[in-house]
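Step one of this worksheet: look at the structure below.
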Amino acid sequence: MSQSKNEVVIFLGPPGAGKGTQAERLAAEHHLVKISTGDILRDHVERGTELGQQIKPMLDAGQLVPDDILIALIRDRLADMEGVRVIFDGFPRTRAQAEALDVLLEEMGAPVNHVPLLEVPGQLLIERIVARGRQAAARGEAVRSDDTEEVARRRQDVFREQTQPLIDYYGARGHLKRVDGVGSMDEVYARILDGMR
Ligand code: AMP
């Protein structure tokens, strides 16, 4: 991966594909800042902010939070950055978000560099999400309200309907790299790096 000042990576893939875990490692090893919109939104819910109260029912139901809220969050998050070395995890999720992000990044002179797409078969995604919920419970950690089988299925539908079109969006710009997301964490990570050479 380039060592230049700006580096923008967008992790695409359905819920449960392993975006968060892989993005975390890539960020740590390449001095990038991971921006996870799911984490930011859950933090608002936990702190009970006005925004948190407004969006809690959407997160619980596995529905997307409105684009204008997400775009404002990302604009604020990028505003005070000097070099833009970021990995987006869970953003953009709609075409409107992708277009807004392109405008923001263009203003900052930091266009998108890489868009790995983590591909994992549907049934495995549900199993992974349900297992994640059970493991968190067993460890005494907070369980995500949307890590139940029913909501996990809804989130897959939402991905297919609203986020899948971004595969073509970034494919047409030559940024997309399909990555087989089945395998150990290390195997998948190695494939992601390969795709970014
Ligand atoms: P995640 O942790 O990425 O699976 O996101 C958890 C939930 O947060 C999603 O099911 C949505 O309700 C909400 N969310 C996260 N990112 C976005 C986004 N880019 N656009 C809309 N809603 C989002």
Side-chain angles (χ1 to χ4, degrees), residues 8-27 33-78 86-105 112 115-120 122 124-137 141-167 169-170 181 188 192:
V8 177
V9 181
I10 296 172
F11 268 64
L12 271 190
K19 298 187 297 294
T21 312
Q22 299 292 346
E24 188 86 47
R25 178 164 174 192
L26 190 67
V33 177
K34 182 179 92 143
I35 300 180
S36 160
T37 46
D39 287 349
I40 296 172
L41 297 173
R42 275 188 292 279
D43 182 57
H44 274 278
V45 172
E46 274 156 33
R47 288 188 289 121
T49 65
E50 200 175 314
L51 174 63
Q53 293 174 34
Q54 182 192 344
I55 63 176
K56 185 178 188 305
M58 304 170 201
L59 267 73
D60 287 350
Q63 306 288 4
L64 294 188
V65 170
D67 288 332
D68 53 343
I69 294 179
L70 267 298
I71 293 165
L73 272 180
I74 294 296
R75 183 180 293 121
D76 285 353
R77 191 70 186 70
L78 293 179
V86 296
I87 302 181
F88 290 102
D89 160 27
F91 180 90
R93 261 182 160 91
T94 64
R95 193 180 169 100
Q97 292 179 18
E99 287 172 352
L101 180 63
D102 273 345
V103 172
L104 276 174
L105 291 175
V112 174
V115 184
L117 165 66
L118 291 185
E119 298 187 296
V120 174
L124 193 54
L125 293 168
I126 306 289
E127 284 167 18
R128 281 189 185 181
I129 291 176
V130 172
R132 175 166 73 190
R134 288 213 189 97
Q135 282 158 10
E141 294 166 8
V143 178
R144 284 178 52 160
S145 59
D146 56 356
D147 275 355
T148 63
E149 182 163 349
E150 188 197 341
V151 181
R153 289 193 190 284
R154 174 112 30 84
R155 288 159 61 208
Q156 304 303 327
D157 294 341
V158 169
F159 174 81
R160 271 193 294 277
E161 286 157 20
Q162 309 205 49
T163 309
Q164 202 129 279
L166 297 188
I167 296 173
Y169 182 88
Y170 289 112
V188 176
I192 291 169

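Each ligand, and each atom within it, is numbered from 1 in the order the structure gives.
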**Message:** Please output the residues near ligand 1 using a strict heavy-atom distance under 4.0 Å, listed in chain and residue-number order.
**Reply:** T37, G38, L41, R42, L59, Q63, L64, V65, L70, G90, F91, R93, Q97, R144, D146, R155
**Request:** List the steps, then state whether salt bridge (Lys or Arg N to Asp or Glu O under 4.0 Å) holds for R42 with E46.
**Result:** CA-CA 6 Å; R42 275 188 292 279; E46 274 156 33; 5.8 Å; no
**Ion pair check, D157 and R153, cut-off under 4.0 Å** = no
**Asked** Going from CD1 on I69 to CG on L41, what distance comes out if it is rounded to the nearest 0.5 angstrom?
**Response** 8.5 Å
**Item:** side chain to side chain contact (heavy atoms under 4.5 Å, CB included) evaluation trace for D67 with R93
**Value:** CA-CA 9 Å; D67 288 332; R93 261 182 160 91; over 6 Å; no
**Asked** Charged N to carboxylate O below 4.0 Å: is that the case for E99 and R95?
**Response** yes
**Asked** Is it true that R155 and D147 have a side-chain N and a carboxylate O under 4.0 angstrom from each other?
**Response** yes
